[in-house]
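Input: a single structure, listed below in structure tokens.
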Amino acid sequence: DVKVTQSSRYLVKRTGEKVFLECVQDMDHENMFWYRQDPGLGLRLIYFSYDVKMKEKGDIPEGYSVSREKKERFSLILESASTNQTSMYLCASTPGPPREQFFGPGTRLTVL
Amino acid sequence: SQQGEEDPQALSIQEGENATMNCSYKTSINNLQWYRQNSGRGLVHLILIRSNEREKHSGRLRVTLDTSKKSSSLLITASRAADTASYFCATPLTGANSKLTFGKGITLSVRP
């Protein structure tokens, strides 16, 4: 079974802190994604990576950056956390189209 | 840029009844996918239907696709309390490798 893991289920940070969210998949998938999910807004794509060191902005990249140094790991970085980044963050991976995406359990981030 | 829209937004049924959820989309697609999300968790892929398929079954799930109407439906038969979750349809972005766009989801409550 494909497994996508995220470093934390719950995280509380202060405004201005640098935050790292880690995602690891164990199925050698080329493509990895970071989404945020907010009530009434559904899932919105933050960043997408289609290969090591390759990344592409999604719909809402402002305030975020990403890193993919190894195929299995995709990190989301909040350079200076703000309260409007309080959200559920979901990581996903896929071997490529037209396959399904496999999601991690999510990280609920609260920025105080 | 959301393409899929689910209907209704919320559905409450009695255990044992069937649940029907609908999804409409705007542009041509080569496949459509349905996902489930239990409260506070990541999404789980349920079923993928390709554009040349009209109907697909998986256990108690039945998905139909009508490309002329740009719509899909997900039927859960003989519902159980454990089916209580949010359900999302997702479609690939045109010409955009493995990126998907998700609807805002349907909240299904199955009363014991």
Side-chain angles (χ1 to χ4, degrees), chain A residues 1-6 8-10 21 23-25 27 29-51 54-61 74 87-110, chain B residues 1-7 9-10 21 23-25 28-53 56 58 61 63 65 67 72 74 85-107:
Chain A
D1 275 355
V2 176
K3 196 162 184 188
V4 180
T5 56
Q6 294 184 228
S8 306
R9 289 295 319 281
Y10 301 94
L21 302 182
C23 175
V24 178
Q25 51 94 1
M27 283 300 291
H29 286 173
E30 302 285 341
N31 305 281
M32 297 187 74
F33 308 82
W34 275 106
Y35 298 91
R36 65 177 281 177
Q37 184 178 27
D38 301 288
L41 297 177
L43 271 76
R44 293 180 292 167
L45 181 64
I46 305 171
Y47 265 99
F48 161 57
S49 171
Y50 49 94
D51 203 349
M54 307 302 283
K55 61 188 179 186
E56 194 174 297
K57 291 179 182 179
D59 298 321
I60 50 162
F74 191 32
S87 186
M88 170 71 113
Y89 289 87
L90 294 165
C91 174
S93 73
T94 181
R99 293 287 309 278
E100 67 270 35
Q101 293 187 8
F102 297 86
F103 282 80
T107 295
R108 187 164 294 282
L109 172 68
T110 301
Chain B
S1 52
Q2 280 172 323
Q3 162 153 247
E5 269 190 38
E6 297 96 344
D7 170 62
Q9 289 188 329
M21 291 167 269
C23 171
S24 59
Y25 57 92
S28 296
I29 55 171
N30 55 29
N31 73 80
L32 185 142
Q33 303 178 29
W34 284 92
Y35 290 78
R36 184 189 74 227
Q37 183 181 34
N38 290 91
S39 180
R41 310 293 296 187
L43 278 70
V44 174
H45 179 260
L46 294 176
I47 201 162
L48 182 154
I49 186 165
R50 298 180 194 280
S51 57
N52 60 354
E53 298 174 309
K56 201 162 180 180
S58 176
L61 304 181
V63 168
L65 180 64
T67 52
S72 173
L74 170 66
S86 293
Y87 292 81
F88 296 84
C89 68
T91 52
L93 289 175
T94 306
N97 41 52
S98 54
K99 287 194 278 189
L100 296 174
T101 182
F102 290 82
K104 292 182 182 178
I106 298 169
T107 301

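In the text below, chain A, chain B and the rest are named by the order of the sequence lines, each starting its count at 1. Below, each value reflects all heavy atoms present in this structure, side chains not excepted, and no hydrogens, waters or symmetry copies.
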(request) Using salt bridge (Lys or Arg N to Asp or Glu O under 4.0 Å) as the criterion, list what pairs up with A:Asp38, not counting sequence neighbours. (result) A:Arg36, A:Arg44
(request) Could you give me the CA-CA distance, side-chain angles and deciding distance for A:Cys23 and A:Val4, then say whether side chain to side chain contact (heavy atoms under 4.5 Å, CB included) is met? (result) CA-CA 7 Å; A:Cys23 175; A:Val4 180; 3.6 Å; yes
(request) Only counting residues at least two apart or in another chain, list the ones meeting ring pair (Phe, Tyr, Trp, His ring centres under 6.0 Å) with B:Tyr35. (result) A:Phe103, B:His45, B:Phe102
(request) Tell me, for B:Gln37 versus chain A, whether the close heavy atoms (under 4.5 Å) come from the side chain, the backbone, both or neither. (result) side chain
(request) May I ask you to test the A:Tyr47-A:Lys57 pair for a side-chain heavy-atom distance under 4.5 Å? (result) yes
(message) Below 4.5 Å, heavy-atom pairs only: which of B:Ser86, B:Ala90, B:Gly40 has the largest tally toward chain A?
(response) B:Gly40
(message) Can you tell me which portion of B:Leu48 sits under 4.5 Å from chain A's heavy atoms? Options are side chain, backbone, both or neither.
(response) side chain
(message) Report which part of A:Arg99 has an atom under 4.5 Å of a heavy atom belonging to chain B: side chain, backbone, both, or neither.
(response) backbone
(message) Please identify, among A:Pro95, A:Gly106, A:Pro39, A:Pro105, the residue contributing the most non-hydrogen atom pairs under 4.5 Å to chain B.
(response) A:Pro105
(message) With a 4.5 Å cut-off on side-chain heavy atoms, are A:Gln25 and A:Phe102 touching?
(response) no
(request) Measure distances from A:Gln6 to the heavy atoms of chain B and classify the residue's part below 4.5 Å as side chain, backbone, both or neither. (result) neither
